[in-house]
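Inspection log for the structure reproduced underneath, given as C-alpha coordinates.
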Amino acid sequence: MPPSSAAESRSAYFAGVGCYLLWGFLPLYFHLLAKLGVSSWEMIAHRSLWSVLWALGLVLIARQVGQVAQVLRQPRTLGVLALSTLAIFSNWTIYVFAVNAGHVIEASLGYYINPLMNMAAGALLFRERMSTEGKVAIGLAAVGVAIQTVALGHLPIVSLGLALTFCVYAILRKQVKADAQTGLFIECAYLALPGLAYVWFLQASGQGHFGAGAGVTTLLALAGPATVVPLALFAWSARRLPLSAVGFLQFIAPTIQFLLGVAFGEPFTPLRALSFVFIWLGVATFAYGAWRKSRALAPA
(Lines give C-alpha, C1' and ligand atoms only; values in the text may rest on other atoms or scores of the structure.)
Protein backbone atom coordinates (compact mmCIF):
# COMPACT_ATOMS: atom_id res chain seq x y z
CA MET A 1 0.00 0.00 0.00
CA PRO A 2 1.46 3.40 -0.94
CA PRO A 3 2.33 5.70 2.00
CA SER A 4 -0.41 8.17 1.07
CA SER A 5 -3.03 5.39 0.92
CA ALA A 6 -1.85 3.97 4.25
CA ALA A 7 -2.09 7.41 5.85
CA GLU A 8 -5.60 7.93 4.47
CA SER A 9 -6.65 4.50 5.69
CA ARG A 10 -5.40 5.27 9.21
CA SER A 11 -7.19 8.61 9.12
CA ALA A 12 -10.40 6.87 8.02
CA TYR A 13 -10.16 4.44 10.94
CA PHE A 14 -9.60 7.29 13.40
CA ALA A 15 -12.54 9.19 11.89
CA GLY A 16 -14.77 6.11 12.11
CA VAL A 17 -13.79 5.41 15.71
CA GLY A 18 -14.22 9.09 16.58
CA CYS A 19 -17.69 9.13 15.04
CA TYR A 20 -18.93 6.15 17.03
CA LEU A 21 -17.26 7.34 20.24
CA LEU A 22 -19.13 10.65 19.95
CA TRP A 23 -22.42 8.83 19.34
CA GLY A 24 -21.69 6.45 22.21
CA PHE A 25 -21.11 9.17 24.78
CA LEU A 26 -24.04 11.32 23.61
CA PRO A 27 -26.24 10.25 26.58
CA LEU A 28 -23.82 12.10 28.89
CA TYR A 29 -24.52 15.32 26.98
CA PHE A 30 -28.29 14.95 27.32
CA HIS A 31 -28.00 13.94 30.98
CA LEU A 32 -25.96 17.07 31.69
CA LEU A 33 -28.55 19.30 30.00
CA ALA A 34 -31.35 17.58 31.94
CA LYS A 35 -29.54 18.28 35.23
CA LEU A 36 -29.48 21.95 34.24
CA GLY A 37 -33.27 21.89 33.90
CA VAL A 38 -33.49 21.69 30.10
CA SER A 39 -36.50 19.65 28.91
CA SER A 40 -36.30 17.01 26.20
CA TRP A 41 -38.31 19.15 23.77
CA GLU A 42 -36.01 22.12 24.32
CA MET A 43 -32.99 19.90 23.62
CA ILE A 44 -34.57 18.66 20.39
CA ALA A 45 -35.49 22.21 19.33
CA HIS A 46 -31.94 23.47 19.82
CA ARG A 47 -30.60 20.39 18.05
CA SER A 48 -32.83 21.20 15.08
CA LEU A 49 -31.91 24.89 15.12
CA TRP A 50 -28.12 24.76 15.47
CA SER A 51 -27.58 21.76 13.20
CA VAL A 52 -28.52 23.70 10.05
CA LEU A 53 -25.61 26.12 10.54
CA TRP A 54 -23.08 23.30 10.83
CA ALA A 55 -24.67 21.40 7.95
CA LEU A 56 -24.35 24.55 5.83
CA GLY A 57 -20.68 24.70 6.81
CA LEU A 58 -20.20 21.16 5.48
CA VAL A 59 -21.88 22.10 2.20
CA LEU A 60 -19.57 25.09 1.82
CA ILE A 61 -16.46 23.05 2.66
CA ALA A 62 -17.49 20.34 0.16
CA ARG A 63 -18.35 23.03 -2.44
CA GLN A 64 -21.83 21.57 -2.96
CA VAL A 65 -23.84 24.80 -3.08
CA GLY A 66 -24.60 24.07 -6.74
CA GLN A 67 -25.89 20.61 -5.84
CA VAL A 68 -28.13 22.10 -3.15
CA ALA A 69 -29.56 24.52 -5.72
CA GLN A 70 -30.15 21.61 -8.08
CA VAL A 71 -31.99 19.59 -5.41
CA LEU A 72 -34.18 22.60 -4.59
CA ARG A 73 -35.48 22.42 -8.17
CA GLN A 74 -36.50 18.76 -7.83
CA PRO A 75 -39.90 18.41 -6.09
CA ARG A 76 -39.67 14.60 -5.87
CA THR A 77 -36.24 14.70 -4.20
CA LEU A 78 -37.46 17.38 -1.80
CA GLY A 79 -40.47 15.18 -0.99
CA VAL A 80 -38.28 12.16 -0.22
CA LEU A 81 -36.00 14.33 1.93
CA ALA A 82 -39.06 15.64 3.78
CA LEU A 83 -39.97 12.05 4.64
CA SER A 84 -36.40 11.23 5.67
CA THR A 85 -36.45 14.36 7.85
CA LEU A 86 -39.57 13.05 9.58
CA ALA A 87 -37.85 9.69 10.13
CA ILE A 88 -34.65 11.15 11.61
CA PHE A 89 -36.63 13.63 13.72
CA SER A 90 -38.66 10.72 15.12
CA ASN A 91 -35.39 8.91 15.86
CA TRP A 92 -33.95 11.95 17.65
CA THR A 93 -37.14 12.39 19.68
CA ILE A 94 -37.33 8.77 20.80
CA TYR A 95 -33.65 8.76 21.71
CA VAL A 96 -33.63 11.99 23.74
CA PHE A 97 -36.77 11.08 25.67
CA ALA A 98 -35.46 7.53 26.27
CA VAL A 99 -32.13 8.77 27.62
CA ASN A 100 -33.76 11.34 29.90
CA ALA A 101 -36.28 8.77 31.14
CA GLY A 102 -33.54 6.31 32.16
CA HIS A 103 -33.80 3.89 29.23
CA VAL A 104 -30.24 4.07 27.88
CA ILE A 105 -29.83 0.27 27.95
CA GLU A 106 -33.03 -0.16 25.93
CA ALA A 107 -31.82 2.53 23.51
CA SER A 108 -28.52 0.71 23.04
CA LEU A 109 -30.45 -2.43 22.10
CA GLY A 110 -32.11 -0.48 19.29
CA TYR A 111 -28.77 0.45 17.75
CA TYR A 112 -27.51 -3.12 18.09
CA ILE A 113 -30.42 -4.49 16.07
CA ASN A 114 -30.58 -1.62 13.55
CA PRO A 115 -27.88 -3.03 11.20
CA LEU A 116 -29.65 -6.38 11.26
CA MET A 117 -32.97 -4.70 10.47
CA ASN A 118 -31.28 -2.82 7.61
CA MET A 119 -30.04 -6.13 6.22
CA ALA A 120 -33.52 -7.65 6.41
CA ALA A 121 -35.04 -4.57 4.73
CA GLY A 122 -32.45 -4.78 1.95
CA ALA A 123 -33.42 -8.38 1.26
CA LEU A 124 -37.16 -7.67 1.31
CA LEU A 125 -37.28 -4.33 -0.51
CA PHE A 126 -34.23 -4.32 -2.76
CA ARG A 127 -33.81 -8.06 -3.35
CA GLU A 128 -30.33 -7.95 -1.85
CA ARG A 129 -28.89 -11.40 -1.31
CA MET A 130 -28.76 -12.37 2.36
CA SER A 131 -25.93 -14.62 3.49
CA THR A 132 -26.30 -17.57 5.83
CA GLU A 133 -24.57 -15.50 8.53
CA GLY A 134 -27.12 -12.74 7.98
CA LYS A 135 -30.06 -15.10 8.45
CA VAL A 136 -28.54 -16.57 11.60
CA ALA A 137 -27.80 -13.08 12.97
CA ILE A 138 -31.38 -11.94 12.42
CA GLY A 139 -32.69 -15.11 14.05
CA LEU A 140 -30.50 -14.61 17.12
CA ALA A 141 -31.56 -10.97 17.36
CA ALA A 142 -35.23 -11.97 17.15
CA VAL A 143 -34.72 -14.36 20.08
CA GLY A 144 -32.97 -11.57 21.99
CA VAL A 145 -35.88 -9.17 21.40
CA ALA A 146 -38.36 -11.86 22.49
CA ILE A 147 -36.46 -12.43 25.75
CA GLN A 148 -36.21 -8.66 26.28
CA THR A 149 -40.00 -8.46 25.86
CA VAL A 150 -40.47 -11.06 28.61
CA ALA A 151 -37.92 -9.29 30.85
CA LEU A 152 -39.60 -5.89 30.46
CA GLY A 153 -43.15 -7.21 30.50
CA HIS A 154 -43.87 -5.44 27.22
CA LEU A 155 -42.37 -4.99 23.78
CA PRO A 156 -39.09 -2.99 23.86
CA ILE A 157 -40.81 -0.03 22.17
CA VAL A 158 -37.80 2.25 22.51
CA SER A 159 -35.44 -0.29 20.94
CA LEU A 160 -37.78 -1.17 18.08
CA GLY A 161 -38.71 2.49 17.53
CA LEU A 162 -35.07 3.57 17.25
CA ALA A 163 -34.15 0.68 14.97
CA LEU A 164 -37.21 1.12 12.76
CA THR A 165 -36.96 4.91 12.35
CA PHE A 166 -33.26 4.72 11.46
CA CYS A 167 -33.95 1.83 9.07
CA VAL A 168 -36.69 3.86 7.34
CA TYR A 169 -34.29 6.81 7.22
CA ALA A 170 -31.64 4.68 5.51
CA ILE A 171 -34.16 3.34 2.99
CA LEU A 172 -35.37 6.82 2.10
CA ARG A 173 -31.86 8.25 1.81
CA LYS A 174 -31.03 5.37 -0.54
CA GLN A 175 -33.56 6.90 -2.95
CA VAL A 176 -31.96 10.37 -2.91
CA LYS A 177 -29.45 11.06 -5.67
CA ALA A 178 -27.43 13.63 -3.75
CA ASP A 179 -24.31 13.59 -1.59
CA ALA A 180 -24.64 13.08 2.15
CA GLN A 181 -23.79 16.70 2.98
CA THR A 182 -26.41 18.08 0.60
CA GLY A 183 -29.13 15.78 1.91
CA LEU A 184 -28.24 16.50 5.51
CA PHE A 185 -28.40 20.26 4.93
CA ILE A 186 -31.87 20.03 3.34
CA GLU A 187 -33.09 17.90 6.24
CA CYS A 188 -31.67 20.31 8.81
CA ALA A 189 -33.23 23.22 6.90
CA TYR A 190 -36.65 21.54 7.16
CA LEU A 191 -36.22 21.27 10.94
CA ALA A 192 -34.65 24.69 11.53
CA LEU A 193 -37.85 26.75 11.28
CA PRO A 194 -39.98 24.74 13.76
CA GLY A 195 -36.91 24.50 16.01
CA LEU A 196 -36.48 28.28 15.93
CA ALA A 197 -40.21 28.82 16.54
CA TYR A 198 -40.19 26.60 19.64
CA VAL A 199 -37.00 28.15 21.02
CA TRP A 200 -38.50 31.62 20.42
CA PHE A 201 -41.67 30.59 22.27
CA LEU A 202 -39.69 29.25 25.25
CA GLN A 203 -37.52 32.36 25.45
CA ALA A 204 -40.49 34.74 25.11
CA SER A 205 -42.44 32.91 27.83
CA GLY A 206 -39.49 32.82 30.20
CA GLN A 207 -39.16 29.04 30.04
CA GLY A 208 -36.08 28.92 27.81
CA HIS A 209 -32.59 28.26 29.14
CA PHE A 210 -30.61 29.88 26.33
CA GLY A 211 -28.89 32.90 27.85
CA ALA A 212 -29.62 31.74 31.40
CA GLY A 213 -25.92 31.19 32.01
CA ALA A 214 -22.69 30.69 30.10
CA GLY A 215 -22.59 26.95 30.77
CA VAL A 216 -26.10 26.00 29.68
CA THR A 217 -26.01 28.43 26.74
CA THR A 218 -22.77 26.91 25.45
CA LEU A 219 -24.12 23.39 25.87
CA LEU A 220 -27.30 24.22 23.94
CA ALA A 221 -25.29 25.78 21.10
CA LEU A 222 -23.13 22.64 21.01
CA ALA A 223 -26.22 20.66 19.94
CA GLY A 224 -25.28 21.58 16.36
CA PRO A 225 -21.77 20.09 16.25
CA ALA A 226 -22.87 17.21 18.51
CA THR A 227 -25.29 16.24 15.75
CA VAL A 228 -23.43 17.13 12.55
CA VAL A 229 -19.76 16.37 13.35
CA PRO A 230 -20.30 12.60 13.95
CA LEU A 231 -22.32 12.41 10.72
CA ALA A 232 -19.52 14.16 8.82
CA LEU A 233 -16.89 11.82 10.27
CA PHE A 234 -19.06 8.83 9.40
CA ALA A 235 -19.63 9.97 5.81
CA TRP A 236 -15.90 10.59 5.30
CA SER A 237 -14.71 7.32 6.85
CA ALA A 238 -17.39 5.02 5.39
CA ARG A 239 -16.28 5.87 1.84
CA ARG A 240 -12.68 4.88 2.64
CA LEU A 241 -13.03 1.87 4.95
CA PRO A 242 -13.66 -1.75 3.96
CA LEU A 243 -17.08 -3.20 4.71
CA SER A 244 -15.70 -5.44 7.47
CA ALA A 245 -14.24 -2.45 9.32
CA VAL A 246 -17.53 -0.55 9.20
CA GLY A 247 -19.29 -3.74 10.34
CA PHE A 248 -17.20 -3.84 13.48
CA LEU A 249 -16.95 -0.11 14.22
CA GLN A 250 -20.71 0.53 14.12
CA PHE A 251 -21.17 -1.46 17.33
CA ILE A 252 -18.85 0.80 19.36
CA ALA A 253 -21.64 3.32 20.02
CA PRO A 254 -24.31 0.96 21.40
CA THR A 255 -21.67 -0.82 23.51
CA ILE A 256 -20.70 2.48 25.16
CA GLN A 257 -24.37 3.36 25.60
CA PHE A 258 -25.03 -0.03 27.17
CA LEU A 259 -22.15 0.44 29.64
CA LEU A 260 -23.37 3.95 30.47
CA GLY A 261 -26.86 2.61 31.15
CA VAL A 262 -25.42 0.05 33.56
CA ALA A 263 -23.27 2.77 35.17
CA PHE A 264 -26.37 4.96 35.57
CA GLY A 265 -27.89 2.17 37.65
CA GLU A 266 -30.65 1.18 35.23
CA PRO A 267 -32.33 -2.18 35.99
CA PHE A 268 -30.38 -5.05 34.45
CA THR A 269 -31.86 -8.38 35.47
CA PRO A 270 -30.43 -11.81 34.56
CA LEU A 271 -33.20 -12.19 31.97
CA ARG A 272 -32.27 -8.88 30.33
CA ALA A 273 -28.63 -10.02 30.39
CA LEU A 274 -29.65 -13.20 28.58
CA SER A 275 -31.43 -11.17 25.91
CA PHE A 276 -28.24 -9.21 25.30
CA VAL A 277 -26.25 -12.43 25.02
CA PHE A 278 -28.41 -13.39 22.03
CA ILE A 279 -28.13 -9.86 20.59
CA TRP A 280 -24.34 -9.94 20.94
CA LEU A 281 -24.18 -13.37 19.32
CA GLY A 282 -26.21 -11.94 16.43
CA VAL A 283 -23.87 -8.94 16.24
CA ALA A 284 -20.79 -11.21 16.21
CA THR A 285 -22.33 -13.33 13.46
CA PHE A 286 -23.20 -10.21 11.44
CA ALA A 287 -19.65 -8.85 11.84
CA TYR A 288 -18.16 -12.19 10.81
CA GLY A 289 -20.35 -12.22 7.71
CA ALA A 290 -19.25 -8.67 6.83
CA TRP A 291 -15.61 -9.70 7.26
CA ARG A 292 -16.03 -12.72 4.99
CA LYS A 293 -17.75 -10.63 2.34
CA SER A 294 -14.99 -8.03 2.51
CA ARG A 295 -12.35 -10.76 2.08
CA ALA A 296 -14.19 -12.16 -0.91
CA LEU A 297 -14.40 -8.72 -2.57
CA ALA A 298 -10.76 -7.81 -1.81
CA PRO A 299 -9.22 -9.49 -4.90
CA ALA A 300 -11.72 -7.67 -7.17
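Hydrogens, waters and symmetry mates are skipped; everything else that's a heavy atom, side chains included, is used.
For the pair L81/R173, a side-chain contact is recorded, criterion being any heavy-atom separation below 4.5 Å from C-beta on. A 4.5 Å side-chain heavy-atom check between V104 and H31 finds at least one atom pair inside the cut-off. Counting heavy atoms from C-beta outward, L32 and L28 have side chains that stay 4.5 Å or more apart. Contact check for Y95 versus P27: side-chain heavy atoms found under the 4.5 Å cut-off. The closest side-chain heavy-atom distance from E106 to Q257 is not below 4.5 Å. Using a 4.5 Å cut-off on side-chain heavy atoms (C-beta onward), I186 and L72 make contact.
A distance of 8.5 Å separates CD1 in I88 from OG in S84, rounded to the nearest 0.5 Å. To the nearest 0.5 angstrom, S108 atom OG is 4.0 Å from F276 atom CZ. Interatomic distance, L109 CG to L160 CG, rounded to the nearest 0.5 Å: 7.5 Å. Note that OG of S159 is 12.0 Å distant from OH of Y112, once rounded to the nearest 0.5 Å. To the nearest 0.5 Å, the span separating CD1 on I94 from NE2 on H103 amounts to 12.5 Å. Atoms CG and NE2, from L220 and H209 in turn, are 8.5 Å apart once rounded to the nearest 0.5 Å.
The minimum heavy-atom distance between M43 and F30, with the atom names listed, is CE-O, 3.4 Å. Here the closest heavy-atom approach between residue I113 and residue A141 is recorded as CG2-CB, 4.4 Å. Residues P225 and A221 share a closest heavy-atom pair of CD-O, 3.6 Å. Summarising the geometry of G18 relative to L233, their closest heavy-atom pair is C-CD1, 4.2 Å, with the distance given to 0.1 Å. The two atoms that bring N100 and A34 nearest to each other are OD1-CB, 3.8 Å, heavy atoms only. When every heavy atom of N114 is checked against every heavy atom of C167, the shortest pair comes out as ND2-N, 3.5 Å.
Using a distance-only test at 3.5 Å, with no hydrogens or angles considered, a donor-acceptor pair links the side chain of Y29 to the main chain of L219. Here the side chain of R272 pairs a donor or acceptor atom with the backbone of P267 at under 3.5 angstrom. In this structure, H154 contributes its side chain and T149 its backbone to no donor-acceptor pair below 3.5 Å. Here the side chain of N91 pairs no donor or acceptor atom with the backbone of T165 at under 3.5 angstrom. Q175 contributes a side-chain N or O that, together with a main-chain N or O of I171, makes up a donor-acceptor pair within less than 3.5 Å.
Residues V136, L140, V143, I147, L271, L274, V277, F278, L281 make up the rest of the hydrophobic cluster containing V150, defined by ILVMFWY side-chain heavy atoms closer than 4.5 Å, directly or through other members. Hydrophobic side-chain contacts under 4.5 Å tie L152 to no other Ile, Leu, Val, Met, Phe, Trp or Tyr residue.
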Checking side-chain hydrogen bond (donor to acceptor under 3.5 Å, both in side chains) for the pair Y20/T255: CA distance, chi angles, key distance, verdict? CA-CA 10 Å; Y20 288 111; T255 300; over 6 Å; no
Let me see the working for S48 and W92 under side-chain contact (heavy atoms from CB on, under 4.5 Å), right down to the final yes or no. CA-CA 10 Å; S48 302; W92 289 359; 4.1 Å; yes
Can you check side-chain contact (heavy atoms from CB on, under 4.5 Å) on L164 and M117, steps first, answer last? CA-CA 8 Å; L164 181 61; M117 187 177 288; 4.2 Å; yes
Begin from the C-alpha positions of T182 and Q64 and carry the test side-chain hydrogen bond (donor to acceptor under 3.5 Å, both in side chains) through to its verdict. CA-CA 7 Å; T182 297; Q64 293 178 353; 3.0 Å; yes
Show every donor-acceptor pair shorter than 3.5 Å between a side-chain atom in residues 188-202 and any protein atom, with sequence neighbours excluded, or say none if there are none.
unit_1, atom_1, unit_2, atom_2, d
Y190, OH, L78, O, 2.9

List, one per line, each side-chain donor-acceptor pair under 3.5 Å for residues 51-63, sequence neighbours excluded.
unit_1, atom_1, unit_2, atom_2, d
S51, OG, R47, O, 2.5

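Taking the salt bridge (Lys or Arg N to Asp or Glu O under 4.0 Å) definition, one finds that K174 meets it with E128, sequence neighbours left out. Considering only residues two or more places apart in sequence or on other chains, T217 meets the side-chain contact (heavy atoms from CB on, under 4.5 Å) condition with F210.
Aromatic ring pairs are classed by plane angle as parallel below 30°, tilted from 30° to 60° and perpendicular above 60°; the pair W50 and H46 is parallel. Under the 30°/60° scheme for interplanar angles, the aromatic rings of F251 and F286 are found to stand perpendicular.
One hydrophobic cluster, built from ILVMFWY side chains closer than 4.5 Å, holds both W41 and V158. Note on F14 and F25: separate hydrophobic clusters, where clusters join Ile, Leu, Val, Met, Phe, Trp and Tyr whose side-chain heavy atoms are under 4.5 Å apart, directly or indirectly. One hydrophobic cluster, built from ILVMFWY side chains closer than 4.5 Å, holds both F166 and F97. A single hydrophobic cluster is not seen to contain both L172 and L86; linkage of ILVMFWY side chains at heavy-atom distances under 4.5 Å, directly or through other members, places them apart.
For the residue pair E187 / T85, no side-chain donor-acceptor distance below 3.5 Å is found, with atom types taken as modelled. No side-chain donor-acceptor contact under 3.5 Å links Y111 and W23.
For F258 and F268, the distance between ring centers is under 6.0 angstrom.
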